[in-house]
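We count residues from 1, following the sequence as given.
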Amino acid sequence: LKTGAYFTCAVEQGTSAAFCWGYNGSGQLGADVSGSCTDQSGIASQCVGSPSAVSGGLAFAALDQRSPQAAMLLKLLACCAPEPVPVRLLLPHPDFADRAPADVAPLLRDGLAVNDAAGELRRYSLIGFTGDGMMLVHRLVQAVTLSRMPDDEIAWWRRLALALIE
């Protein structure tokens, strides 16, 4: 169970299905909205009043199509500790790019590609920025991202994350 300022999410043990409820004004919970809530100031907004299955798979599929490099950056961040990650760790690493698969190499060669990918992840509310040059991925997003990958792919991304951090 994880609570935020405006919503709460939980992962069901056994199935790893995610359920969220609360503020959904930008569709960030991935659930269909059938009602509205009124905040303390009396302003009505879209919300989910009871636990609803998160359709995060749709967001991940859309991200894979729209920005494959953003999807790769999310996989990398999912393999880091669930704490703020300095953006400078992810800036160009041509030495790693030479050893990386062809589709990952541009992300490691080009700082603008990292910035564009991070912007896409922010657009989907999959990461946040702490304001001091750090990116933050929620534990639930990390867990869902990892659950979508086979073990050998997870191992590869973890080795890359470790190499970048060292």
Side-chain angles (χ1 to χ4, degrees), residues 2-11 15-20 22-31 53-166:
K2 182 65 180 174
T3 60
Y6 302 105
F7 62 89
T8 302
C9 294
V11 176
T15 66
S16 295
F19 294 87
C20 294
Y23 176 71
N24 194 40
S26 300
Q28 67 270 38
L29 299 184
V54 175
S55 57
L58 296 175
F60 287 110
L63 186 65
D64 287 340
Q65 290 294 318
R66 180 181 171 107
S67 179
Q69 290 184 341
M72 288 183 259
L73 178 58
L74 184 60
K75 290 175 182 180
L76 176 62
L77 292 170
C79 292
C80 296
E83 55 191 48
V85 176
V87 175
R88 64 179 161 67
L89 284 180
L90 306 174
L91 293 177
H93 289 280
D95 48 328
F96 293 113
D98 294 338
R99 295 180 283 167
D103 56 342
V104 178
L107 188 64
L108 298 173
R109 280 195 182 102
D110 184 1
L112 292 176
V114 172
N115 288 338
D116 290 346
E120 279 296 308
L121 293 176
R122 179 68 182 110
R123 184 174 169 271
Y124 282 89
S125 298
L126 294 172
I127 66 168
F129 293 97
T130 63
D132 55 356
M134 308 278 260
M135 286 187 281
L136 181 62
V137 181
H138 191 280
R139 290 174 195 257
L140 182 61
V141 173
Q142 287 179 312
V144 171
T145 301
L146 292 172
S147 75
R148 300 180 71 242
M149 293 189 289
D151 290 341
D152 59 332
E153 186 178 0
I154 293 171
W156 188 88
W157 284 106
R158 284 188 173 151
R159 283 192 304 274
L160 178 60
L162 181 60
L164 292 174
I165 291 169
E166 290 181 336

Chemist: Partners of P84 by side-chain contact (heavy atoms from CB on, under 4.5 Å), sequence neighbours excluded?
Modeler: T130, M134, L136
Chemist: For V137, enumerate each residue passing the side-chain contact (heavy atoms from CB on, under 4.5 Å) test, keeping only those at least two apart in sequence or located in another chain.
Modeler: L74, L77, I127, V141, Q142
Chemist: Determine which pairs satisfy side chain to side chain donor-acceptor pair (under 3.5 Å) with at least one residue from residues 105-116, sequence neighbours left out, and list them in order.
Modeler: D98-R109
Chemist: Is there a side chain to side chain contact (heavy atoms under 4.5 Å, CB included) between L160 and M72? Walk through the geometry before answering.
Modeler: CA-CA 11 Å; L160 178 60; M72 288 183 259; over 6 Å; no
Chemist: Quick one: pull up CG in L112 and CG in L107 and give me the separation to the nearest 0.5 Å.
Modeler: 11.5 Å
Chemist: Mind checking the SG-CE spacing from C80 to M135? Nearest 0.5 Å is all I need.
Modeler: 8.5 Å
Chemist: Over all heavy atoms of both residues, which pair between P106 and Q69 is shortest? Give the atoms and the distance, please.
Modeler: CB-NE2, 3.0 Å
Chemist: Can you give the donor-acceptor pairs under 3.5 Å from side chains of residues 150-159 to other protein atoms, not counting sequence neighbours?
Modeler:
{"unit_1": "E153", "atom_1": "OE2", "unit_2": "K75", "atom_2": "NZ", "d": "2.9"}

Chemist: Kindly compute the distance separating CG (L162) from SG (C79), expressed to the nearest 0.5 Å.
Modeler: 11.0 Å
Chemist: Where is the tightest heavy-atom contact between A78 and L146, given as atom of each residue plus distance?
Modeler: O-CD1, 3.7 Å
Chemist: Test of understanding: with side chain to side chain donor-acceptor pair (under 3.5 Å), list the residues that count as partners of E120, not counting sequence neighbours.
Modeler: R66
Chemist: Please list all pairs meeting salt bridge (Lys or Arg N to Asp or Glu O under 4.0 Å) that have one or both residues in residues 124-134, counting only residues at least two apart or in different chains.
Modeler: none
Chemist: Can you run down the side chain to side chain donor-acceptor pair (under 3.5 Å) pairs that involve residues 79-88, sequence neighbours left out, and say none if there aren't any?
Modeler: none
Chemist: Going by the rule side-chain contact (heavy atoms from CB on, under 4.5 Å), which residues pair with L89 if we only count those two or more places apart in sequence or in a different chain?
Modeler: V85, P86, I165
